[in-house]
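Basis for what follows: all heavy atoms, side chains included, without hydrogens, waters or symmetry-related copies.
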Amino acid sequence: MAVERYNPKESEPKWRQVWNERKLFETRNDDTRPSYYVLEMFPYPSGRIHMGHVRNYAMGDVVARYKRAKGFSVLHPMGWDAFGLPAENAAKANKIHPREWTYANIATMRTQLQSMGLSLDWSRELATCDPSYYRHQQKMFLDFLKSGLVDRKTAKVNWDPVDETVLANEQVIDGRGWRSGALVEIRELTQWFFKITDYGQELHDALEGLTRWPEKVRLMQKNWIGRSEGLLIRFALESNTFGQSELEIYTTRPDTLFGAKFMAIAPDHPLAKAAAARSPELQAFIEECKRTGTAQEAIDKAEKLGFDTGLRAVHPFDPSWTLPVYVANFILMEYGTGAIFGCPAHDQRDLDFVNKYGLGNIPVVCPEGVDPESFVITDTAYVEDGRMINSRFLDGMTIPEAKEEVARRLESETRGNQPVGTRKVNFRLRDWGISRQRYWGCPIPIIHCADCGTVPVPDADLPVKLPDDVSFEKPGNPLDHHPSWKHVACPNCGKPARRETDTMDTFVDSSWYFARFTDPWRTESPTDRKVVDRFLPVDQYIGGVEHAILHLLYSRFFTRAMKATGHAGLDEPFAGLFTQGMVVHETYRAEDGTWVEPGDVRIEANGSERRGFHVETGAPIEIGSIEKMSKSKKNVVDPDDIIASYGADTARWFMLSDSPPDRDVIWTDEGVQGAARFVQRLWRLIGEIAERTGNSVGAAAEFGEAALTLRKASHRALHAVGADIERLGFNRCVAHIYTLTNAIAKALDGAAEEAALSSDMAFALHEAATIVTQLVAPMMPHLAEECWHALGQPGLVGEASWPVADAELLRDDSVTLPVQINGKKRAEVTVPADADTVSVEAIVRSSQAVIKALDDRPIRKIIVVPGRIVNVVV
RNA sequence: GCGGACGUGGCGAAACUGGUAGACGCACGAGACUUAAAAUCUUGCGCCCUAAAGGCUUGCGGGUUCGAGUCCCGCCGUCCGCACCA
């Protein structure tokens with residue numbers, strides 16, 4: 001009778017081989033069924049997969065397998081985000097070519113991923129470092145260029161002195177390079193840009209429609225794009241000292257114009273430069289600003305500093321009112337016009353500034369219910385709602401009214417045939433600088449000719465391939481100091497010219513891989529419009545929040561750019577987005593403070609107290625806080641070890657079971673063991689059922705109470721698990737499966753004494769076993785195949801359709817309602833499920849328990865919530 | 001500083017649109033089987049006071065409601081994002 005233990009080491013590779021042989025997960029582009037595209041963010045081939053990958057891909061696989069069972073043509077591909085700096089760092093450190101290093105890592109990680117039993121279509125595998133991929137990226141770069149979506153301009157860039165490369169703004173964190181951690185310097189370079197700002201408005205507005213994205217991500221993108229409505233105002237300068245007669249500013253608060261106390265311009269504003277030419281002191285001040293520029297200010301909350309240029313600007317509503325013009329360290333040239341008017345009463349920065357230089361302030365917005373005479377601003381600017389005061393024709397207006405009035409007046413006023421004021425929508429978002437002075441990236445397909453300028457590489461010459469023979473001895477870009485690579489003839493005039501030696505930001509690579517997956521074999525163009533438009537958008541995209549802004553925003557832009565150039569037909573690449581939580585683990589430290597790996601720690605539990613000891617030395621180990629798994633804190637668990645000792649199914653099950661998927665999950669030994677125990681328990685139950693019921697079980701005409709109870713449990717679980725997979729509530733799915741398993745065990749236990757099973761119970765048990773196998777299949781696919789086989793089911797569970805719950809069995813004939821008296825539960829009544837309010841009331845009134853609890857108090861009112869609860873008010 | 005999310009037993013958590021708080025799992029306690037252990041099974045498990053009955057309980061304080069973990073207001077705490085964006 002004893003069922004043999006389930007052995008994942010034998011079963012798992014066996015079933016994977018069967019799936020492969022039958023090409024179960026390969027998706028045909030000519031499949032006519034409705035498609036469903038599940039995608040997890042593709043990994044960087046760093047060397048080995050980690051638990052974060054396991055969690056990410058386990059989640060995606062549940063969705064993919066479930067949707068496949070639901071009859072969709074599921075696209076679930078995998079590839080490699082294979083360009084990037086670590087390959088070059090490895091090249092420097094280990095004298096290994098980046099390509100070799102990358103492909104070796106890919107090979108390792110592919111094997112690891114395959115051991116997880118993921119339902120991936122490996123025939124579509126791609127690596128972004130492969131010329132067959134990046135040639136299309138080069139083609140699209142040139143198409144974008146033709147369509148005016150690419151710009152080449154000098155720009156101040158963030159220069160990482162350690163990595164010797166340019167960083168995007170987004171890659172600078174607290175003034176330091178996101179990867180190297182080095183203090184970033186500002187340099188001026190000529191760079192290639194994608195004109196993402198052309199789509200600022202659209203990228204902003206379309207967020208509204210991304211209803212299957214986390215609110216958090218949409219908000220982060222919205223803030224990043226930073227749309228604001230305001231007014232450009234041209235202030236006349238009192239004297240034309242530096243060949244400029246006016247100063248244009250941008251403001252979102254034109255209503256506060258009568259509270260203006262000063263003007264301020266950025267240290268690199270043209271007017272500041274002009275003024276500095278005549279003033280060594282100002283020149284020195286500007287230099288000072290540059291030095292304190294990027295890094296320190298965030299840390300030190302830099303003091304507001306200014307330098308009076310001596311210039312005076314004329315107030316647009318009063319020619320006799322002039323304002324001093326300062327160069328100020330807190331004004332950014334990159335935003336607006338690099339110049340502002342300062343209204344200290346209603347802007348904290350401006351207030352700090354005037355308080356430092358003794359310029360005073362005039363409040364012009366007074367809170368409702370406060371006497372304007374006594375309303376004084378000292379240290380805290382007033383930025384809330386109110387009515388206009390001290391503002392001549394604006395007095396008494398609300399802020400929006402005043403804004404409108406100022407805009408209207410300044411728009412209609414002209415100076416030199418131009419309106420003084422212009423409404424303007426401004427964005428915080430900047431263009432996307434894609435040039436990187438690196439080797440291991442996609443070459444930018446441009447040739448620089450002294451006569452013809454920048455010349456696109458002709459289509460026929462694509463791809464521009466990276467040369468293999470490069471050296472990483474010298475700092476800087478190996479492409480640049482390669483002896484011959486950059487020397488070519490100009491495609492236009494044939495004269496000697498040189499290649500662009502910059503390569504593209506790797507975020508470009510990941511901005512369209514999801515589109516390439518739809519037809520990765522295609523050679524003549526990046527995509528096949530028919531195919532790409534059929535599969536895209538991705539129905540469910542899953543990855544970490546760390547990509548909430550960069551990768552997702554770039555991809556949204558790139559998809560639009562692909563539409564503009566005819567490579568795709570849609571705007572939004574990801575219809576559904578899910579950001580999963582991290583895998584965290586306890587940390588352990590030895591007495592000397594060094595971190596200790598979990599494998600070297602033995603935990604002894606004594607009641608609720610836990611103490612750690614070193615496995616070998618027995619020395620006490622301090623159990624520390626729970627942190628994200630990281631090599632530096634050594635609190636990592638290697639997926640390979642887990643899969644080797646427990647099997648992939650156990651690892652997957654545990655990753656899905658404990659926490660809601662968007663929250664962090666704590667990896668614990670006890671948790672994995674619990675998962676492993678469940679694997680055996682389920683196998684044992686299925687085995688017993690298979691043994692006792694045999695493989696073919698006919699339907700019974702009637703069901704006894706025990707059998708009916710089990711059937712109801714099966715169909716309820718089926719219903720609930722389906723609904724929860726749709727909501728990505730994997731932890732809830734697991735709970736439902738446990739509940740059903742308990743019900744099966746109970747039924748089996750009840751039937752244990754009987755020599756032969758009654759036919760109704762045999763049917764119910766076999767049905768329950770089949771259903772639980774199918775419910776478990778998306779999460780533990782190998783075990784499910786083994787169970788499926790044991791139950792004598794035909795074919796593979798991996799190709800079976802999702803069962804349909806019997807609505808009859810989801811219904812109950814009678815329900816037990818709690819009865820509250822004044823909101824406290826005092827009794828229960830059992831009533832027919834379809835009982836109406838009146839009859840429930842009658843049953844409640846006559847219930848002995850209720851009468852007792854009422855204790856002679858008169859009933860004032862009875863509230864019946866059908867199927868839910870009864871509340872008696874006395 | 002600005003913006004956002006969250007706060008439920010010893011722990012991870014459930015509770016769909018307000019309707020029996022704590023499903024399910026982990027840990028732990030008791031018991032069975034065993035020479036013993038592991039595995040497995042049975043059983044208990046929010047807190048307080050109990051002989052029983054009761055009372056209290058979703059970070060804290062108010063409010064709305066017949067009824068609040070859920071809605072509203074004000075605090076406290078934790079985490080995340082942005083950070084001189086005019």
Using a cut-off of strictly less than 4.0 Å, decide whether A:Arg732 has a side-chain nitrogen or oxygen near OP1 or OP2 of B:rA15. yes
Look at A:Arg663 and B:rA13 and indicate whether a side-chain polar atom (N or O) is within less than 4.0 Å of OP1 or OP2. yes
Considering only atom C1', compute the distance from B:rG81 to B:rC71 and round it to an integer number of Å. 27 Å
Would you confirm whether A:Asn355, through its side chain, and A:Asp379, through its main-chain N or O, come within 3.5 Å as a donor-acceptor pair? no
Touch check for A:Asn731, heavy atoms < 4.0 angstrom, all strands: base, sugar-phosphate only, or nothing? sugar-phosphate
Can you tell me, in whole Å, how much space there is between the C1' of B:rU43 and that of B:rU57? 26 Å
Using a 4.0 Å heavy-atom cut-off across all strands, classify A:Ile331 as base, sugar-phosphate, or nothing. base
Pick the C1' atom in B:rG12 and in B:rG46, then give their distance to the nearest Å. 16 Å
What is the separation between atom CE on A:Met779 and atom C1' on B:rC24, rounded to the nearest whole Å? 13 Å
Looking at every strand, decide which applies to A:Gln820 at a 4.0 Å heavy-atom threshold: base, sugar-phosphate, or nothing. base
Nearest-angstrom distance from the residue atom CD of A:Glu229 to P of B:rA86: 12 Å
Please compare A:Pro818 and A:Phe330 by the position of their nearest nucleotide in RNA chain B and report the one closer to 5'. A:Pro818
As its Watson-Crick or G-U partner within any shown strand, both distances under 3.5 Å, B:rA5 has B:rU78
Would you mind reading off the distance between A:Asp347 atom CG and B:rC2 atom P, rounded to a whole angstrom? 13 Å
Taking the six-membered ring of A:Trp683 as reference, does the NZ or CZ atom of A:Arg5 fall below 6.0 Å from its centre and within a 45° cone about the axis? no
How long is the line joining CZ of A:Phe427 and P of B:rC82, in whole Å? 20 Å
Value in whole Å for how far the P atom of B:rG1 lies from CG of A:Asp350: 19 Å
Identify, between A:Val870 and A:Leu429, the residue whose nearest nucleotide on RNA chain B lies closer to the 5' end. A:Val870
C1' atoms of B:rC33 and B:rC26, separation to the nearest Å: 24 Å
Can you tell me whether the base of B:rG7 sits syn or anti, using the 90° cut around 0 to define syn? anti
Is the base of B:rC84 touched by the side chain of A:Lys304 through a donor-acceptor pair closer than 3.5 angstrom? yes
Students often get this wrong, so: under 4.0 angstrom with heavy atoms, is A:Lys825 touching a base, only sugar-phosphate, or nothing? base
Counting any heavy atom closer than 4.0 Å, what does A:Asn742 reach on the DNA or RNA strands: base, sugar-phosphate only, or nothing? sugar-phosphate
Any A:Arg681 side-chain N or O less than 4.0 Å from OP1/OP2 of B:rC41: yes
Could you give the NZ-to-C1' distance, from A:Lys628 to B:rC79, as a whole number of Å? 15 Å
What nucleic acid atoms does A:Ser659 come within less than 4.0 Å of, heavy atoms only: base, sugar-phosphate, or nothing? sugar-phosphate
Determine: side-chain N/O of A:Arg428 to OP1/OP2 of B:rC82, distance under 4.0 Å, yes or no. no
Is any NZ, NE, NH1 or NH2 atom of the basic residue among A:Arg234 and A:Glu248 found under 4.0 Å from an Asp or Glu carboxylate oxygen of the other? no
Tell me what A:Ile863 touches on the nucleic acid: a base, only sugar-phosphate, or nothing, going by heavy atoms under 4.0 Å. base
What closest approach, in Å, do A:Ala266 and A:Met333 show between heavy atoms, and which atom pair accounts for it? CB-N, 3.6 Å
Using a cut-off of 4.0 Å on non-hydrogen atoms, how would the nucleic acid contact of A:Tyr738 be classed: base, sugar-phosphate, or nothing? sugar-phosphate
Answer with base, sugar-phosphate or nothing: what part of the nucleic acid does A:Val873 contact at a heavy-atom distance below 4.0 Å? sugar-phosphate
Measuring only the C1' atom in each nucleotide, how far is B:rG67 from B:rG18? A whole number of Å is fine. 8 Å
Donor-acceptor contact below 3.5 Å, side chain A:Arg860 vs main chain A:Val873: no
Check every strand shown and say whether A:Arg826 touches a base, only sugar-phosphate, or nothing at a heavy-atom separation below 4.0 Å. sugar-phosphate
Please state the P separation for the pair B:rG31 and B:rA38 - nearest whole angstrom. 14 Å
Whole-Å P distance, B:rA15 and B:rG69: 16 Å
Do A:Ser657 and A:Tyr738 pair up side chain to side chain, a donor and an acceptor below 3.5 Å, judged on atom types alone? no
Does A:Thr668 reach the main-chain N or O of A:Gly671 with its side chain, forming a donor-acceptor pair under 3.5 Å? yes
Checking N1-N3 plus N6-O4 or O6-N4 for Watson-Crick, or N1-O2 and O6-N3 for wobble, each under 3.5 Å, the partner of B:rG44 is B:rC28
Distance test, side-chain N/O of A:Tyr335 to OP1/OP2 of B:rA86, below 4.0 Å: yes
Whole angstrom value for the distance that separates C1' of B:rC24 from CG of A:Asp658: 10 Å
Considering only the C1' atoms, how many Å lie between B:rG59 and B:rG7, rounded to the nearest integer? 6 Å
Between B:rG67 (C1') and A:Lys861 (NZ): distance, integer Å: 11 Å
Within the 4.5 Å heavy-atom criterion, are A:Arg55 and A:Val665 side-chain neighbours or not? yes
Would you say a side-chain N or O of A:Arg716 is under 4.0 Å from OP1 or OP2 of B:rA23? no
